[in-house]
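Values below: all heavy atoms of this structure, side chains included; hydrogens, waters and symmetry mates excluded. Owing to the predicted nature of the structure, the values given are computational and were not obtained by experimental measurement. In what follows, residues are counted from 1 in the order of the sequence shown.
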Amino acid sequence: MFLTIMTDFAFSQTTPKPIQAGIQVSPVTEATINQVIKILSASSGEKNLARIQKGVTQAASLWRETDGNEQDFAAFCSGNFMPTETGLDTLFIRLQNYFELMFGTYNKLSVSLKETIHLENGTLLPIDEMFGGYEPSAHFTDDFFQNKIAFVVVLNFPFYSLGEKTTLGTNWTRKQWAYARMGDIFTSRVPANLLLKAAETLTAADTYISAYNIYMGNLTDSKGKTWFPKDMKLITHWGLRDELKSNYSDKQNGIIKQKMIYSVMKRIIDQSIPQQIINNDTYLWNPETNTLLQNRKSVPFSPEPDTRYATLLNNFQAMKAIDPYNPNYPDFISRAFDAGLEISQADVEKLFTDFISSPQVKEVGKLISKRLGRNIEPFDIWYDGFKSRSSISAGLLDEKVKNKYPDRNAFEKDLPKILIKLGFSPAKAAYLTSKIQVDPARGSGHAWGAQMKNDKAHLRTRIGNNGMDYKGYNIAIHEFGHNVEQTLSLYDVDYYMLNGVPNTAFTEALAFIFQKRDLELLGINDDNPQKEHLMVLDNFWACYEIMGVSLVDMKVWKWMYQHPDATPAQCKQTVISTAKEIWNLYYAPVFGTYDEPILAIYSHMIDNPLYLSAYPVGHLIDFQIENHIRDKNFASETERIYTQGRLIPQLWMKKAVGSEISIQPLLKAATEALKVVTK
Ligand SMILES: [Zn+2]
């Protein structure tokens, strides 16, 4: 049948597509695409038209000369399009099983190859690092385009954009969702050299930040006095920020040191910082006056030559080079948001803007000022004073945990009991924990889920020779929450293609919910009446801070796309003016000072392109889920919510907690907290 169809083609009439310099393009022309669509719908019926249009167009966009000529493409489509519903379903089940086998095995192999690195398995040899660094699935996409399985998938299970998943997905059946997730597997075909270039660029950015240390003992004030320990070396910006935070407890000199740190940050942002003091302890430096000193004498210096912004632009160029190979996500902003977070950039921007312009920020700002006994300073975006300390001594907690969990076996054996305490039935607790294995971690621990049924999730935890301490236990309970999510969302989700959660924020939410119950699980009642409210205010203020930073990040990326040839100096100007603009709009009314550039200091902006927004979105999701579960049956709600599988975040949330991702629950809780915490 397909052969007769083929003879209808008049290939000579099609004109070749223009070839952009250096960019691989599809040889399949519009005319051929239309012909194939016509032929397939004529033979398989009008009802398939939409599916055919999508499948053929998308397959054509990913087709390359090396896959064959236009005739080959047409023949491939005719030979591999599944016209009947039963046929499509059978194909889907086959593919789903194969993918589970492949992804599950890749994952299992990765877990096993990294075992020596991750577990207490004796001395680490260089060969262990080499095996641990091997990525079994590295060539999966390339191979599957080459053997054309990717084209079978794209042709029959086309990709749906986030917009389509949002509008159409509300009425989709579970199976339609599973089909759509299969359509997400092969959406781009980026040449290996560009992927390598992007990876190298990101590694270079990471190295730039990792080596950006400030020797704090070399900072002096105008009187030549140093304030920080001689050997204190801090990485920008996290190290600087954490030191700034820790100085809230130094009532005497804390503010002096905090101001000094902020001076350093401003010099990093505007790149007036002397190149000679970055990662170098040869000189003394007064960051306020920007004076470099040697033997107490001021010496000339060269400022950092806008390397920070050159690094940012390099990221942009590397991501932009990949754009032409992503027909569905033609720029990095849409890849980060629509494809990565699966929440549109516009939605995220609106959430953040609404939150940081809420009346509550002013009230919380006033409360912080009252607690500090002074006007708030720009760096108080990192105010650290809402942490409630436990009333139980650390020693007592360690004792209790050590007695309960002297070794790995004791902890593993107790896992079902922990779940029963949380409200799971004994049968469900036994079922879940039979799929979770406890391993002794080399580091502080982590949770690594399985990717196929009949494999186990791993709970890696650190247990010393004298048993588990409280800190290890607290982390282990967090990881256990991840494992429970990983197990529910793999084993108890109806379609393998829907296994998992929409993004990492959703698994973190359950991990934190478990972690918060750690004392309760030890049978300890720590009743500080303000604890919950302090936690709300802490979360609230952290969101306020990082949302502003994220807005700067997003605006700068939009600007780079509008100015693809920008110089590092222009980029610097824009980052600074954008940071000030956001500050003046949403922070100046709370802090009382204008034109502060502090929101531009984040290192993630430089070494992890457009990742910042994931943090506040995660905080919101976490808060909403916790808030929803609070007054319900913990176990049954957890089971119900975490067996939904990988829908898109907004739909998942709607089904989980009854509303989309929203700032309202946190704002409401902050209002309540402000009534209780008044000083
Ligand atoms: Zn976690």
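- Asp398 pairs by the salt bridge (charged side-chain N to carboxylate O under 4.0 Å, His left out) definition with nothing, not counting sequence neighbours.
- Partners of Lys654 under the side-chain hydrogen bond (donor to acceptor under 3.5 Å, both in side chains) rule, at least two apart in sequence or in another chain, do not exist in this structure.
- A salt bridge links Lys54 with Glu164; the closest basic N to acidic carboxylate O contact falls under 4.0 Å.
- Here Glu660 does not pair with Lys655 in a salt bridge; the nearest charged N to carboxylate O distance is not below 4.0 Å.
- With sequence neighbours left out, the side-chain hydrogen bond (donor to acceptor under 3.5 Å, both in side chains) criterion links Gln96 to no other residue.
- A salt bridge is defined here as a Lys NZ or Arg NE, NH1 or NH2 lying under 4.0 Å from an Asp or Glu carboxylate O, and Lys350 with Asp354 meets this definition.
- Shortest non-hydrogen contact noted between Ala511 and His478 is CB-O, 3.3 Å.
- Here the rule is ring pair (Phe, Tyr, Trp, His ring centres under 6.0 Å) with Trp172, and of Tyr179, Tyr160, Tyr495 only Tyr160 fits it.
- With sequence neighbours left out, His118 forms a side-chain hydrogen bond (donor to acceptor under 3.5 Å, both in side chains) with no residue at all.
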Can I get a per-line list of side-chain donor-acceptor pairs under 3.5 Å for residues 413-426, giving both atom names and the distance, sequence neighbours left out?
| from | atom 1 | to | atom 2 | distance (Å) |
| --- | --- | --- | --- | --- |
| Asp414 | OD2 | Tyr405 | OH | 2.5 |
| Lys421 | NZ | Leu521 | O | 3.0 |
| Ser425 | OG | Lys428 | N | 3.0 |

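- For Lys632, the NZ atom is densely surrounded, since the number of other residues' heavy atoms within 6.0 Å is greater than 12.
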Atom pairs and distances, side-chain donor-acceptor, residues 604-617, under 3.5 Å, sequence neighbours left out:
| from | atom 1 | to | atom 2 | distance (Å) |
| --- | --- | --- | --- | --- |
| His604 | NE2 | Tyr615 | OH | 3.1 |

